[in-house]
Q: 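Pasting in a structure now, in structure tokens, and then I'll have a few things to ask.
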Amino acid sequence: MEIKDFDHHAPIEGTTLFDGEMAMKGYALNKMCFSFNGAPARDAYLADPEGYMTSFKLNDEQKQACRDKNVLAMIAAGGNIYYLAKFAGIYKLDVQDVGAQQTGMTKEAFKEKLLRQGD
Amino acid sequence: MAKIIGGLSTSHIPAVGNAVAKELFEDPYWKPFFDGFPAIRGWLDEHKPDVAINIYNDHGLGFFLDCMPTFAIGAAHEYVNEDEGWGIPVMPPYEGDAKLSWHIIESMVEDEFDITSCQELAVDHGFTVPTQLFWPGLQKNPNFPRIIPISANTVQHPIPTLKRALAFGRALRRAILSYPEDIKVVVLGTGGLSHQLDGERAGHINKEFDLMCMDKIVDDPDELTKISRHELVRQAGAQGTEFLMWMMMRGALGDKVKLVHKNYHIPISNTGAGTMLMECIE
């Protein structure tokens, strides 16, 4: 592997760079997810998801992505994975669950894919 | 005068926090990762650093997008760990070294690095997991050092360049070496290596790239500064940008180092997990 051979501008497949544009787009969604660091916030969300989302001013796209627990849709709506991981935590989903969902694989198949990369 | 004795790096995956809590050290999945640490613990027991500079990236506990510092340095007497939302055990508070923190901040700003100083900072798994790995028992470990957190932004682009990360480490070195007290300092730079949690490319790991980085960082870290941030994401994955922390650590070790130990294993959780110990020569 030679650094001189790298292409510094090629698009990165299957990857959304979380930049200023996405940070503005997803601010409300990410702020809500950031609140889930605290147990009372997680309980409040589970007790009344619609009311909790509205209190953080999520837009319709963001609300629907949360209702569907659809990670790719949450990313498209401006979600950042570090904050979305806290949303996933409410439902006891780990990063393999999240990876499997985004790649359309079973969790077992996704874990097998990770293992194979050590070969 | 203060002295830097070496640098430590490891991945800081949250699942490691759970594995430590459950003592899965001999579990077949975890053993190849945990086996990378006894040699480093032996070195720490021998050299007994007084202070550890713990360079990590916050993942949404200490900072949010309302104010996102590119480089933040803890300037507190104590740092607390808090609930991160997904159930890893919360660690007891960590003792800092506020006097040294302010010396570093003064020196680095004089050196034209624009620092965010933090008199309160909740530290997340990026900070706590490496301390659990290097000093089992934490506060109950007789050799547990005082710790100063330094966090760099990898949450939101634009993130720092690899060149800037290395330069940061070199300025940090100048700061520490100018501290008048006779203390021994070890520098941690943790995170990575290759992994991507988000998008259709989730699960991306790049062994060849990781091993190249672990090789070049020892004797030729400047070569790695030719890698653009965009290319770093492409090769190492969206969260593989945490390799910046390793470059910050490496910069603090001086030009020549001795590689004492390294370990690499795939996968731990979704990540290519690397561990290194480099000893300072100068």
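Every chain is numbered from 1 and lettered A, B, ... according to where its sequence line falls, protein lines coming before strand lines.
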Q: Hey, which of B:E82, B:K226, B:H265, B:R234 has the most heavy atom pairs under 4.5 Å with chain A?
A: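 So the answer, after comparing B:E82, B:K226, B:H265, B:R234, is B:R234.
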
Q: Sort by residue number and list every member of residues 212-223 of chain B having a non-hydrogen atom under 4.5 Å from chain A.
A: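 Near chain A, by residue number: B:M212, B:K216, B:E223.
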
Q: Within residues 16-24 of chain A, which positions have a heavy-atom distance to chain B below 4.5 Å?
A: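 From residues 16-24 of chain A, the residues near chain B are A:T16, A:L17, A:F18, A:D19, A:G20, A:A23.
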
Q: Give me the atom names and distance for the closest heavy-atom approach of A:G118 to B:I266.
A: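 Heavy atoms of A:G118 and B:I266 come nearest at N-CG2, 3.4 Å.
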
Q: Given that the side chain runs from C-beta out, which part of B:T154 has a heavy atom under 4.5 Å from chain A: side chain, backbone, both or neither?
A: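 Both backbone and side chain.
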
Q: Among B:H195, B:Q235, B:R229, B:M68, who wins on heavy-atom pairs under 4.5 Å with chain A?
A: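 Top option by heavy-atom pairs under 4.5 Å: B:Q235.
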
Q: Evaluate the side-chain contact (heavy atoms from CB on, under 4.5 Å) criterion for residues A:N30 and B:F64: first the C-alpha distance (whole Å), next the side-chain angles of each, then the deciding distance (0.1 Å), finally the verdict.
A: CA-CA 9 Å; A:N30 290 316; B:F64 179 61; 4.0 Å; yes

Q: Is chain B contacted by the side chain of A:L114, its backbone, both, or neither, given a heavy-atom distance below 4.5 Å?
A: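 Looking at A:L114, backbone and side chain both touch chain B.
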
Q: Heavy-atom count check: over 12 atoms from other residues, nucleotides or ligands less than 6.0 Å from B:K163 NZ?
A: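 Check fails, neighbour count at 12 or below.
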
Q: State whether the side chain of A:N37 and the backbone N or O of B:G60 hold a donor-acceptor pair below 3.5 Å, judged by distance alone.
A: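 Looks like yes, one N/O pair under 3.5 Å.
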
Q: At a 4.5 Å cut-off on heavy atoms, which part of B:N57 comes close to chain A: side chain, backbone, both, or neither?
A: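 Just the side chain, heavy atoms under 4.5 Å.
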
Q: Is B:H204 close to chain A through its backbone or its side chain, or both, or neither, when contacts mean heavy atoms under 4.5 Å?
A: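 Only the backbone of B:H204 comes within 4.5 Å of chain A.
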
Q: Show the numbers, then the answer: is there a side-chain contact (heavy atoms from CB on, under 4.5 Å) between B:H230 and A:I12?
A: CA-CA 9 Å; B:H230 187 85; A:I12 305 168; 3.8 Å; yes

Q: Quick check for you: among A:V95, A:I75, A:T103, which has the greatest number of heavy-atom pairs under 4.5 Å with chain B?
A: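 Of the options given, most contacts go to A:V95.
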
Q: Non-hydrogen atoms of chain A under 4.5 Å away: do they reach the side chain of B:I159, the backbone, both or neither?
A: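 When you check distances to chain A, no heavy atom of B:I159 falls under 4.5 Å.
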
Q: Heavy-atom pairs under 4.5 Å with chain B - which of A:R116, A:E13, A:K31, A:K113 has more of them than the others?
A: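 Of the candidates given, the most pairs with chain B belong to A:K31.
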
Q: When you look at CD of B:E120, are more than 12 heavy atoms from neighbouring residues, nucleotides or ligands closer to it than 6.0 Å?
A: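 Counting other residues, nucleotides and ligands, CD of B:E120 stays at 12 neighbours or fewer.
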
Q: Heavy-atom pairs under 4.5 Å with chain A are the metric here; pick the option from B:L197, B:D66, B:N270, B:I205 that has the most.
A: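 Among B:L197, B:D66, B:N270, B:I205, the one with the most close pairs to chain A is B:N270.
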
Q: Within the structure provided, determine whether B:W86 and A:D94 are in side-chain contact (heavy-atom separation under 4.5 Å).
A: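 With C-beta onward as the side chain, the pair stays apart.
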
Q: Heavy-atom distances under 4.5 Å only: say whether A:L115 touches chain B with side chain, backbone, both or neither.
A: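 Contact with chain B is through both the backbone and side chain of A:L115.
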
Q: Between A:F34 and B:L65, is a side-chain contact (heavy atoms from CB on, under 4.5 Å) present by the stated rule, with each step listed?
A: CA-CA 9 Å; A:F34 177 68; B:L65 303 173; over 6 Å; no

Q: Which residues from residues 81-88 of chain A are near chain B, with near meaning under 4.5 Å between non-hydrogen atoms?
A: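 Counting heavy atoms that sit under 4.5 Å from chain B, the residues of residues 81-88 of chain A involved are A:I81, A:Y82, A:Y83, A:A85, A:K86.
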
Q: Would the distance check show the side chain of A:Q102 and the main-chain N or O of B:A202 forming a donor-acceptor pair, the cut-off being under 3.5 Å?
A: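 Not at all, since once roles are kept as given, no pair shorter than 3.5 Å links the two residues.
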
Q: Heavy-atom cut-off 4.5 Å, strictly under: side chain, backbone, both or neither for B:Y264 against chain A?
A: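 For B:Y264, there is no contact with chain A at all, as no heavy atom is under 4.5 Å.
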
Q: Tell me, for B:K207 versus chain A, whether the close heavy atoms (under 4.5 Å) come from the side chain, the backbone, both or neither.
A: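 Interface part for B:K207: side chain.
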
Q: Just to verify, what does B:V16 make a side chain to side chain contact (heavy atoms under 4.5 Å, CB included) with, not counting sequence neighbours?
A: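 Partners of B:V16 by the side chain to side chain contact (heavy atoms under 4.5 Å, CB included) criterion, ordered by chain and then number, come out as B:I13, B:V20, B:W30, B:F33, B:F34, B:V129, B:L133, B:I268.
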
Q: Among A:M105, A:Q101, A:Q117, single out the residue with the greatest number of heavy-atom pairs under 4.5 Å to chain B.
A: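 Of A:M105, A:Q101, A:Q117, A:Q117 has the most heavy-atom pairs under 4.5 Å with chain B.
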
Q: Look only at the side chain of A:N80 and the backbone of B:V155, and say whether a donor-acceptor pair between them is shorter than 3.5 Å.
A: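 Pair found, side chain donor or acceptor close to backbone of B:V155.
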
Q: Any donor-acceptor pair under 3.5 Å linking the side chain of A:Q96 with the backbone of B:G203?
A: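 Absent.
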
